[in-house]
Amino acid sequence: MSGDRETSRYDEYAEQQHAAHEAHPEHDVHPVYDVHPPYEEPAYEEPEYAEHEQLIAYAEHEEPADDAPARTGSRRVWQAALGAVVVGLLAAGGYGAYNVVNAVTNGSPGDGDHRDATATTAAAQQPPTAEQADAVAKEFLAAWGRGDVAAAAALTDRQDTSRAALSAFREAVKARSFALTGTGPAPAATPSEPTLGFHAKAEFEGSAGAWEYDGALSVVRVPDGRAVVRWSSNVIHPHLDTGETIGVRALPNPVVKPTDRNGKPLDAFPSLRTVLPKIMPVDGSSVVTGQAVVIADGSGKPPEQLFVLTPPSAPEIRLTLDAGLQQTAEEAVKQQSAGGKPASLVAIQPSTGHILAIAYAGDSFNRALGGGQAPGSTMKVVTSAALLEAGVRPDTVVPCKDTTNSPRTWHNDEPGDFPDYTLTDDFTHSCNTGFIDKGLEKLQLGTLPSVARDQFGLGLEWRIGVESRDATIPVPKSKDEAAAAYIGQGQIQVNSLAMASVAATVQSGTFRQPVLREDAKRVTAPGKLPSGVAQDLRDMMAKTATQGTARAPMAGLSGQIGAKTGTAEAGPGKGTNSWFIAYRGDLAVAAEVEGGGHGNTAAGVAAAQVLKAGGKG
């Protein structure tokens, strides 16, 4: 091979090297001129250590040591090739070039490359500056707020996880608008992770208000030196943890909870626990299902409610009850049922028929509305109305004999003969024999049931707003049955609701079917209590309250008052049941205590408590 040819090839490679340097002077690569064209003859094998030394020297652009073996053709080929690689990589980018060179040269870079790598590693280990953290947080919040989930996720250290979570949040919440505003530095968990707060505001279609909350995010530096958001579930919301979900869900439908006539709650009263669940909404009204943003964990426990989009609502149902009077009634029956005696009480407003209180105790079912017992002498109010309409006057003499027969033998609670008693006296002292004798004399077998139904509404089908038992007053089939009916015994079955209505009808002069709610469909009585009869009954009940058997419990009550006691046989070995009906102003009450004895004791005490609390003089 001639010298001219070799020189020519040498010049050609030198020009190539020089051109590379001119194109990329920023890499500070010295042109390599001591490169010889490849020699085509077999390379001369030099000792390995000598070739390695020359390779390092070339990579660092130094001349080989003086004592190094002379270059051979093969060495020139290797050096030329390596020079071309180094220049090409440096032209493309320094860090990649350093890696490749380092690998080729067996991990022995030059001093300049080592300093660059050290600086890059040190920078990656430094916490983000406040400025960097603020910039990243603003960019992340802006991307999240405008719905660019991919861009927001790219600014986190867990891109796939964050992208899935942010997408799920956006799909589940479906906000009309979602604005995120940085609020500045926030307390950081570690010094190496600057933390910044933000304020979120979401608005929804059909929702009057906006969901607003405050959150925080931390910024970290990843190995490639970038500052990014450290991703965790509570970046979305501070209460959201791993394994939980956040989104809009339907709220449980509200339970219809009727209130009293003033809007006060009633669900705390024991006697109403069987009543309130049976109150149905007004026809045509319905429960409105609400929606809220919630956090749920799938465990079955109630989700955490974050924001109500649309509140649930149930139709308002105001009952006629009075919470204050209900409380008094509950206490009254509880006192009289001590020892296990079942008791009940109902209070009614005569001017409207509104039921103001329902109470019972000592029983597992609501005997105040559903019970059926003989009313005893309280039934003499209805019998008196029938006798007055039959021509008997309040001052008509109706002897009170010690005993009488129908042919069954009848006695009085008060022994002795009182031949001068009038109808009013018989009523005031509750004489059984006088009512039996005059009833059998003046009334037909079907008269009492007719007056009870047509003027007092007893025996009609009442619809008070919940299920209740109507009074049963059958037509007697014999004089014995008629005699029993005149004094409230035999087959007559009533409850406190029915007898409170009797007292209310006397006080107002008009039967108004008792109701628990204004929209109840009432029945009306076919007839009307004659006004004169109503006044006579009021006079007789007033005298009973002040001078007769009811005077003890009614003592101290002023204003328009009236009462009637009753004692009913409960059956062999069961003693007698205590009954009491009364009114004071625009309040009528009936109470009964099973096994309570005379009417002016147990039942009378309970009724008087309610009249004192709610009656007006």
Side-chain angles (χ1 to χ4, degrees), residues 127-128 130-190 192-207 209-251 291-299 301 303-310:
E131 293 75 11
Q132 290 172 329
D134 184 65
V136 170
K138 286 181 178 178
E139 189 176 354
F140 172 80
L141 294 173
W144 182 14
R146 68 175 179 267
D148 192 345
V149 170
L155 294 167
T156 72
D157 62 345
R158 298 173 63 192
Q159 296 187 23
D160 291 343
T161 301
S162 59
R163 182 167 54 252
L166 292 171
S167 296
F169 173 76
R170 184 183 181 193
E171 179 64 26
V173 171
K174 289 185 171 65
R176 182 184 64 195
S177 65
F178 189 57
L180 294 150
T181 307
T183 57
T190 61
S192 62
E193 297 183 7
T195 302
L196 295 101
F198 65 87
H199 182 77
K201 181 178 180 180
E203 295 179 315
F204 300 86
E205 295 290 346
S207 179
W211 174 36
E212 299 186 58
Y213 66 91
D214 292 311
L217 54 84
S218 297
V219 177
V220 297
R221 197 182 295 280
V222 288
D224 65 3
R226 293 183 305 131
V228 296
V229 172
R230 177 183 287 282
W231 180 257
S232 65
S233 299
N234 54 31
V235 168
I236 292 179
H237 190 278
H239 294 180
L240 184 64
D241 292 326
T242 302
E244 296 180 332
T245 59
I246 187 171
V248 175
R249 289 193 181 183
L251 295 172
Q291 286 189 318
V293 180
V294 301
I295 290 177
D297 63 3
S299 66
K301 70 178 183 181
E304 179 185 356
Q305 186 172 298
L306 301 178
F307 175 72
V308 176
L309 280 71
T310 53

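Please read all numbers here as calculations on a predicted model, not as lab measurements.
Side chain of Ser207 to main chain of Phe204: no donor-acceptor pair is present (N/O by atom type, distance under 3.5 Å, no hydrogens or angles). Judged purely by atom type and a 3.5 angstrom limit, Ser177 has no side-chain atom pairing as donor or acceptor with the backbone of Ala175. Side-chain atoms of Asp157 come within 3.5 Å of backbone N or O of Trp231 as a donor-acceptor pair.
The closest side-chain donor-acceptor pair between Gln291 and Thr310, if any, does not fall under 3.5 angstrom.
Of the candidates Val294, Val293, Val248, Leu306 forms a side chain to side chain contact (heavy atoms under 4.5 Å, CB included) with just one, namely Val293.
Closest of all the heavy-atom pairs between Arg221 and Pro127 is NH2-O, 3.4 Å. Pairing each heavy atom of His199 with each of Thr183, the nearest pair is N-CG2, 3.8 Å. Closest approach of Ala227 to Val136, counting heavy atoms only: O-CG2, 3.2 Å. The minimum heavy-atom distance linking Glu244 with His239 is given by the pair OE1-O, 3.3 Å. When all heavy atoms of Arg230 and Val235 are compared, the closest pair comes out as O-CG2, 3.8 Å. For Gly145 against Leu180, the heavy-atom pair with the smallest separation is N-CD1, 3.6 Å.
Dense packing is recorded around CD of Gln159, with more than 12 heavy atoms of other residues, nucleotides or ligands lying under 6.0 Å away.
Separation of atoms CD1 (Ile295) and CG (Asp241) is listed at 8.0 Å; rounding is to 0.5 Å. With rounding to the nearest 0.5 Å, the separation of OH in Tyr213 from CD1 in Ile236 is 7.5 Å. Between atom CZ of residue Phe307 and atom CD of residue Glu212 there is a gap of 9.0 Å, rounded to the nearest 0.5 Å. For the atom pair CG (Asp214) and NZ (Lys201), the distance works out to 13.0 Å, reported to the nearest 0.5 Å.
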Residues 166-174, side-chain donor-acceptor partners within the protein, below 3.5 Å, at least two apart:
unit_1, atom_1, unit_2, atom_2, d
Ser167, OG, Arg163, O, 2.8
Arg170, NH1, Gly147, O, 3.0
Glu171, OE2, Lys174, NZ, 2.9
Lys174, NZ, Glu171, O, 2.6

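Not counting sequence neighbours, the partners of Arg146 by the side-chain contact (heavy atoms from CB on, under 4.5 Å) test are Ala142, Ala143, Asp148, Ala151.
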